[in-house]
Asks: 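What follows is a structure written as structure tokens; I'll ask about it next.
Hydrogens, waters and symmetry mates are skipped; everything else that's a heavy atom, side chains included, is used. So you know, we letter chains A, B, ... as the sequences are listed, proteins then strands, and number each from 1.
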Amino acid sequence: MSCNSNVIRVLPPVGQEQRVPVHLMPCEIEHNGSAQVSEYFTATMKDRKHEKTVSFRGRGLKGQELSCPQGYTGLVLKEVNKPGSDQEDRTVRISSVFNKLTYWNLETPPNSDDTIVMAMDWPELAEAIHGPVDD
Amino acid sequence: MDLGPFDADNSVSCRLSSHIPDVCKTEDCCLGIDEAGRGPVLGPMVYGICFCPVSKKDDLKDLKVADSKTLTETERENLFQKLDEARSYIGWALQILSPNTISTSMLQRSKYNLNALSHDTAIGLVQYALDSGVQLTEVFVDTVGPAEKYEEKLSQLFPGVKVTVRPKADSLFPVVSAASICAKVARDRVVKGWNFAEQLGEVDSDYGSGYPNDPKTKAWLLKYLDPVFGYPQFVRFSWSTAQTLMDSKSVTVHWDDDDEDGEKAAQRQNNRSMLSYFSASSGANDQTPAHQPHRFFTDRRLKSLDAL
């Protein structure tokens, strides 16, 4: 873990901020850029009761929608200029915002033990630990 | 043959069936099983059963049904028409295994191979006939695998039914030929009118036979290769033809159950593999973090972040 003291500047979105669907995939895709998500993925998603199903690269996925914790907003950031060294400040711009996302498991039905579901416990706990104490 | 239920959702497996003739519920019946579209990299695999009273075997023969592979598409359509006209004593049922079902089964964490899938589908169809009240006494099955073991398996599952499993049964027994015609007609119609769930605009339907060695199929697979998603669900991702093309022309995707070398996987994820603890350079404790985060955080894969 590097300990950088340089600044990260977050710029507001250009024009109206965009809300886009966000999917958390159970695999690592060696790709950083645009993809035809609505054409291939969203178009083939099936909604059954509390479970969504889809397939990616021939593998069956099951997922569900998850809201961001209360008071939090998800941000998709894009780097404006890639810095030449890690000493330079970095500038990112908000490309879109989200308050819910769909996370996917490989074959396993979504459940309350899923890492991402449990991770959402933290803000409430953090508030209890670090928040101001009432007398 | 109404393919509507399958067209409505062609990502899953679907059963289609004729009305069950009354005579099949009162008289001893024979039943044939065959499949269509096992080899192609495109489209579904269709399993078919056809059944009629044993006493009507000769009538079935007179319809001049033959192995579907020796017939042209028009001949098959005509013969299916004849089978349909004989609905007072001939019944059929089909199980359409969508290409997506084939891909996701074969690529499952606990692999479910095509032979097991085939056997289970055939068994499911025979059970369907029995559950519908068909008085089965004889079953004839076409097979690609070892016939004897399969015959034994089916005989055990369906006591009281005489099971005959033969390679090329579709050219030996008219009731199997009839099943092969039903299956092949359904597969041809489904492939021809494939309803792409993906939003790909006008899709070139000149995909040839769907067999991997067909130049038209090859050209189609090259044309419709997406760098991220690979292929539409019309393609069987579990076929080596599709895998090879994706390996060379699409971005790499890693799954947690990949057969990847542990050391390599750890390197990619920037973790330390077990082996690194044995190497000379890592002996010093300069890499040990000041404190280990609590399990609460590691369980949730939460990390405190001070850089992007």
Asks: Are there more than 12 heavy atoms of other residues, nucleotides or ligands under 6.0 Å from atom NZ of B:K153?
Replies: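 Count over threshold, so yes.
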Asks: Flag the one option from B:I102, B:N100, B:V235, B:D256 with the top tally of heavy-atom pairs under 4.5 Å to chain A.
Replies: B:N100
Asks: State, with a plain yes or no, whether a side-chain heavy atom of B:E198 is found less than 4.5 Å away from one of A:E39.
Replies: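 A side-chain contact under 4.5 Å is absent here.
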Asks: Determine whether B:D257 and A:L106 make a side-chain contact, defined as any pair of heavy atoms from C-beta on separated by less than 4.5 Å.
Replies: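 Yes, at least one pair of side-chain atoms sits under 4.5 Å.
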Asks: For residues A:E107 and B:L107, report the shortest heavy-atom separation together with the two atoms involved.
Replies: OE2-O, 4.1 Å
Asks: Take A:E28 and B:V253 through the test side-chain contact (heavy atoms from CB on, under 4.5 Å) and record every step on the way to the result.
Replies: CA-CA 6 Å; A:E28 189 191 331; B:V253 172; over 6 Å; no
Asks: Are A:F56 and B:W255 packed together at the side-chain level, in the sense that at least one heavy-atom pair is separated by less than 4.5 angstrom?
Replies: yes
Asks: Atom CD of residue position B:Q199 - does it have more than 12 heavy atoms of other residues, nucleotides or ligands inside 6.0 Å?
Replies: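 Yes, the 6.0 Å shell around CD holds more than 12 heavy atoms from other groups.
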Asks: Main chain of A:M118, side chain of B:R300: is a donor-acceptor contact present, judged purely on distance under 3.5 Å?
Replies: yes
Asks: Under the criterion side-chain contact (heavy atoms from CB on, under 4.5 Å), I'd like the reasoning laid out for A:E30 against B:H254: C-alpha separation, chi angles, the key distance, then a yes or no.
Replies: CA-CA 8 Å; A:E30 287 189 9; B:H254 301 277; 2.6 Å; yes
Asks: Against chain B, work out which of A:S38, A:S55, A:G60 has the most heavy-atom pairs shorter than 4.5 Å and name it.
Replies: A:S55
Asks: So, do A:H31 and B:P227 sit near enough that their side-chain heavy atoms are less than 4.5 Å apart?
Replies: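 Not touching, per the 4.5 Å side-chain cut-off.
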Asks: When rounded to the nearest 0.5 angstrom, what is the spacing between CZ in B:F229 and CZ in A:R57?
Replies: 9.0 Å
Asks: Find the one option among A:D121, A:T42, A:I116 whose heavy-atom pairs under 4.5 Å with chain B are most numerous.
Replies: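 Most heavy-atom pairs under 4.5 Å with chain B: A:D121.
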Asks: In terms of heavy-atom proximity below 4.5 Å to chain A, should B:L200 be classed as side chain, backbone, both, or neither?
Replies: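 For B:L200, the contact with chain A is made by the side chain alone.
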Asks: Need one label for A:E79: side chain, backbone, both or neither, based on atoms under 4.5 Å from any heavy atom in chain B.
Replies: neither
Asks: Flag the pair B:Y231 / A:Y40 as yes when at least one side-chain heavy-atom distance between them is below 4.5 Å, and no otherwise.
Replies: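 B:Y231 does not reach A:Y40 side chain to side chain.
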Asks: Is it the backbone or the side chain of B:M246 that comes under 4.5 Å from a heavy atom of chain A, or both, or neither?
Replies: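 For B:M246, side-chain heavy atoms alone lie under 4.5 Å from chain A.
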Asks: Could you pull out the closest heavy-atom pair between A:A43 and B:A197, with the gap in Å?
Replies: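 Heavy-atom minimum between the residues: CB-O, 3.4 Å.
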Asks: Taking atom NZ of A:K46 as the centre, report whether more than 12 heavy atoms of other residues, nucleotides or ligands fall under 6.0 Å from it.
Replies: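 Counting other residues, nucleotides and ligands, NZ of A:K46 exceeds 12 neighbours.
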Asks: Quick one: what part of B:F196 sits under 4.5 Å from any heavy atom of chain A, side chain, backbone, both or neither?
Replies: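 Neither part.
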Asks: Go through the atoms of A:L125 and report whether side chain, backbone, both or neither lie under 4.5 Å from a heavy atom of chain B.
Replies: side chain
Asks: Check step by step if salt bridge (Lys or Arg N to Asp or Glu O under 4.0 Å) holds for A:R48 and B:D9.
Replies: CA-CA 13 Å; A:R48 293 189 186 96; B:D9 183 358; 3.4 Å; yes
Asks: Go through B:Q108 and A:R59 one step at a time and tell me if the side-chain contact (heavy atoms from CB on, under 4.5 Å) criterion holds.
Replies: CA-CA 7 Å; B:Q108 218 169 275; A:R59 305 214 59 181; 5.7 Å; no
Asks: Under the side-chain contact (heavy atoms from CB on, under 4.5 Å) criterion, do A:I29 and B:V251 qualify, and how do the steps go?
Replies: CA-CA 7 Å; A:I29 305 166; B:V251 302; 3.8 Å; yes
Asks: In this structure, are over 12 heavy atoms from other groups packed under 6.0 Å from B:F296 atom CZ?
Replies: yes
Asks: Please state whether the side chain, the backbone, both or neither of B:S238 comes within less than 4.5 Å of a heavy atom of chain A.
Replies: neither
Asks: Let me know if A:V37 has heavy atoms under 4.5 Å from chain B in its side chain, its backbone, both or neither.
Replies: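 Both backbone and side chain of A:V37 come within 4.5 Å of chain B.
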